[in-house]
Amino acid sequence: MTNSQLSILITIIVYLAGMIAIGFVCGKKSSDTVGDFYLGGRKLGPVVTAMSAEASDMSSWLLMGLPGLAYLSGITDAGWTAIGLAIGTYINWLLVAKRIRCYSQHLDAITLPQFFSKRYGGHKALNVFSAIMIVIFFVPYTASGFAACGKLFASLFNVPYHAALLVSAVVIVGYCALGGFLAASITDLVQSMVMTLAIVIILGFGTYMAGGVDAVIANAQQLPGFLSLTQQHIPGAGAQPYPPLAIFSAIAWGLGYFGMPHILLRFMAIGDAAKLKLSRRIASVWVVISLAVAVTIGVVGNAMTAAGELPVLEGAASETLVITIANLLSKFGLLAAIVAGLIISGILAATMSTADSQLLVASSSISQDLMQDGLGLKIPEKNSVWVARVTVVLIAVIGVVIAFDPNSSIFDIVSFAWAGFGATFGPVVLCSLFWKRANHQGVLAGMVSGAAMVFFWKYVVRPLGGAWDIYELLPAFTAACVMIVAVSLLTPAPDEKVQKDFEQYVALNKTV
């Protein structure tokens, strides 16, 4: 191992030790209740809420997938996807955050499936089905995070993939099991700062090595379609038109936010709902800047290759762009190697901040929603926390087994799980918060049809290509909305208590 690699490794070890320490401290502060373990006792401040929500949203895709896509094909695909995500983030904070915070508190719901069940009069079918969907989509999603960490360490230090995978999983599980939701939220705040530092350093260093801003722009301009939002650059083949259908498909990523359990839980956990406006501003600004910088890093990386500072990165290798730039930086002395270690820690932060949130949500779905609310098992409050911790570990073990193949896909799983959550829960969340007439029959039909359409469109329709090549979230989201409205109107209205709860929530929301 070279001196630069050793410096990077020590920096990463210090960072990981810090995450474990936060978990330990948060574990000491939390009381032995499932409300504290899964929702932090609704004590989060506005800054922690904002940055925790966005850090848990932006996985390693922010520092690997998006720059790699822009490096290969220019700003079109990456740019429209980033625009969709930015719009979705802002609208989700604007329309959903305060409402679900007020309604979930009014119903005393600490998980998303529990919120659905209590919102519609305690129907267990909603609780059980939504919990099953969370497990189905989140366990492999968590596995993709473990795999990303394992591949990162394996490629950096030439260590066995499986050893790196296990170490990564142990660290993430360690602070989750120790401190629960509060630990995950505080570490997410720290990790968002590390991610921000990483992309800023990479952007500045990369631009300098490419020859300055003018050189970066000149390189992009001589590549056909590289800086266009209506054309896509094809390496070695010029440019091709980017059809409006593809634009809508990319922007559709933004619809996923309405159904993301790990993000919605952050909304439910803030201490003062009135401060969500500040959280919205912080989160929206951070997301816009981060996405813009991530896309720009891809443009800068291409210029670095043209300047001879980086090798040509083809195909999946383009996703290692930030790692490759960090390795180049580490060769400029001890301080530079430490900074490179912080950059690599930023990639870890992006992955870990998503994986920890997914672990907790999947754990709550099994221990709280399925075992207690669904099956009616009576577990004492103090023992419930230990059941929750054991569930976190068991889910992590399953995730490690799924990720044990070093050739397993990461970003295809992320894309599919995002569509699954967005279509299964997004329309239900919106109807639950805005439509008094929605009933449990319509909501269940919407969940089932949304989830089924994701699978059907992904594996049956989309492979046909052409006009059918649409991101599965868009048709599945539409199908779920239609089913909720149609079935709700064709079946009896919700009972008087459900409608009264809705009216009380609306009044509460107006007073905050």
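Numbering of residues begins at 1 and proceeds along the displayed sequence.
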Correct closest heavy-atom pair for Ala423 and Leu473 would be N-CD1, 3.6 Å
Between Ala109 and Gln114 the two heavy atoms that sit nearest each other are CA-OE1, 3.2 Å
*Regarding Trp286 and Thr196, is there a side-chain donor-to-acceptor distance under 3.5 Å anywhere?*
yes
Would you please test Trp418 and Tyr257 for ring pair (Phe, Tyr, Trp, His ring centres under 6.0 Å) and show each step?
CA-CA 8 Å; Trp418 185 268; Tyr257 281 108; 5.0 Å; yes
Smallest heavy-atom separation, Lys118 atom then Leu107 atom, equals CD-O, 3.1 Å
For Pro494 and Val498, the nearest pair of non-hydrogen atoms, with its separation, is CB-CG1, 3.8 Å
Nearest heavy-atom approach of Ala86 to Val288 is CB-CG2, 4.1 Å
For this session: Flag the pair Cys481 / Phe477 as yes when at least one side-chain heavy-atom distance between them is below 4.5 Å, and no otherwise.
Result: yes
What orientation do His440 and His123 show, parallel under 30°, tilted 30 to 60°, or perpendicular over 60°? parallel
TODO: For this output row, return yes or no: ring centroids of Tyr103 and Phe115 closer than 6.0 angstrom.
DONE: yes
**Prompt:** Can a donor-acceptor pair be found between the side chains of Tyr242 and Asp77 at a distance below 3.5 Å?
**Reply:** yes
Rounding to 0.5 Å, atoms CG (Leu444) and CZ (Phe129) come to a distance of 6.5 Å
Q) Does a side-chain heavy-atom distance below 4.5 Å link Arg281 with Trp93? A) no
The reported gap from CG in Leu203 to CD1 in Ile297 (rounded to nearest 0.5 angstrom) is 5.5 Å
Distance col, row Trp253:CH2 vs Ile83:CD1, nearest 0.5 angstrom, shows 15.0 Å
**Prompt:** So does Phe248 have more than 12 non-hydrogen atoms from other groups sitting under 6.0 Å from CZ?
**Reply:** no
**Asked** Do the non-hydrogen side-chain atoms of Gln231 and Gln240 ever get within less than 4.5 Å of each other?
**Response** no
Q. More than 12 non-hydrogen atoms from neighbouring residues, nucleotides or ligands closer than 6.0 Å to CH2 on Trp468, yes or no?
A. no
d(Cys102 SG, Asn509 CG) to nearest 0.5 Å is 5.0 Å
message: Less than 6.0 angstrom separating the ring centers of Phe502 and Trp435, yes or no?
response: no
Taken to the nearest 0.5 Å, the spacing of Arg119 CZ from Ile100 CD1 works out to 11.5 Å
Using the side chain to side chain contact (heavy atoms under 4.5 Å, CB included) rule, take Leu433 and Tyr505 through it: C-alpha gap first, then chi angles, then the decisive distance, then the call.
CA-CA 9 Å; Leu433 298 177; Tyr505 134 74; 3.7 Å; yes
Are side-chain heavy atoms of Leu321 and Leu310 found at a separation under 4.5 Å?
-> yes
Trace of the side chain to side chain contact (heavy atoms under 4.5 Å, CB included) decision for Val443 with Met447
CA-CA 6 Å; Val443 164; Met447 283 187 188; 4.1 Å; yes
Tightest non-hydrogen contact, residues Ala438 and Ser488, listed as CA-OG, 3.7 Å
So CE of Met260 and OG1 of Thr89: to nearest 0.5 Å the spacing works out to 11.0 Å
